[in-house]
Amino acid sequence: TKDYKTAEQMIAQALTILQKNKYPEQYKCHEYRGDLYLVQGQIQKAYAAYGTALKIAKQYFPKKSAHITRLKSKIPFIQRFILFLKSYWN
């Protein structure tokens with residue numbers, strides 16, 4: 001089933017714990033939130049969540065880490081999709 005509300009609640013709970021303890025893995029919650037928004041068609045929210053994830057990951061990981069590389073690959077995809085939608089609707 002696609003229980004997006006429960007998924008969002010679980011991500012929020014995990015993020016609260018990770019932020020409270022200042023764990024670097026908190027970036028994953030933002031990435032997962034971006035993934036969740038993306039499958040729901042909330043493109044702008046997905047873009048913002050991936051941006052937040054990347055900002056956090058850059059604080060904790062080397063520039064060429066797999067985490068940063070993966071996040072960097074998601075952002076241009078979203079940007080291209082937004083441009084496509086804008087050109088389609090104009």
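Everything quoted here is computed from the prediction, not taken from an experiment.
- Among residues two or more places apart in sequence or in another chain, the side chain to side chain contact (heavy atoms under 4.5 Å, CB included) test is passed with Tyr4 by Lys2, Leu36, Val39, Gln40.
- Both Leu38 and Leu85 are assigned to one and the same hydrophobic cluster, defined by single-linkage of ILVMFWY side chains at heavy-atom distances under 4.5 Å.
- Between Lys58 and Ile68, the shortest heavy-atom contact is CA-CD1, 3.9 Å.
- Phe77 and Ile43 fall within a single hydrophobic cluster, where Ile, Leu, Val, Met, Phe, Trp and Tyr side chains are chained together by heavy-atom contacts under 4.5 Å.
- Alongside Leu83, the hydrophobic cluster contains no other residue (criterion: ILVMFWY side chains under 4.5 Å).
- Both Phe81 and Tyr47 belong to a single network of hydrophobic side chains, linked directly or stepwise wherever heavy atoms of I, L, V, M, F, W or Y lie under 4.5 Å apart.
- Between the OG1 atom of Thr69 and the NZ atom of Lys74 there is a distance of 12.5 Å, given to the nearest 0.5 Å.
- Between the side chains of Tyr27 and His67, at least one donor N or O lies within less than 3.5 Å of an accepting N or O.
- Of all non-hydrogen atoms in Ile56 and His30, the two that sit nearest each other are CD1-CD2, 3.4 Å.
- Heavy-atom minimum distance, Lys22 versus Tyr60: O-OH, 4.0 Å.
- In the hydrophobic clustering of ILVMFWY residues, with side-chain heavy atoms under 4.5 Å counting as a link, Ile78 and Tyr37 come out apart.
- Gln26 places a side-chain N or O within donor-acceptor distance of the main-chain N or O of Tyr23, the cut-off being under 3.5 Å.
- Closest approach of Gly34 to Ala46, counting heavy atoms only: O-CB, 3.4 Å.
- In this view, Glu25 satisfies the salt bridge (charged side-chain N to carboxylate O under 4.0 Å, His left out) rule with no residue, not counting sequence neighbours.
- Judged purely by atom type and a 3.5 angstrom limit, Ser65 has no side-chain atom pairing as donor or acceptor with the backbone of Phe61.
- Neither side chain, Glu31 nor Tyr50, offers a donor N or O lying under 3.5 Å from an acceptor on the other.
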Dump the intermediate steps for side chain to side chain contact (heavy atoms under 4.5 Å, CB included) on Gln9 and Lys5, then the final yes or no. CA-CA 6 Å; Gln9 290 170 347; Lys5 185 176 180 179; 3.7 Å; yes

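- Minimum heavy-atom separation, Leu71 to Ala57: CD1-CB, 3.9 Å.
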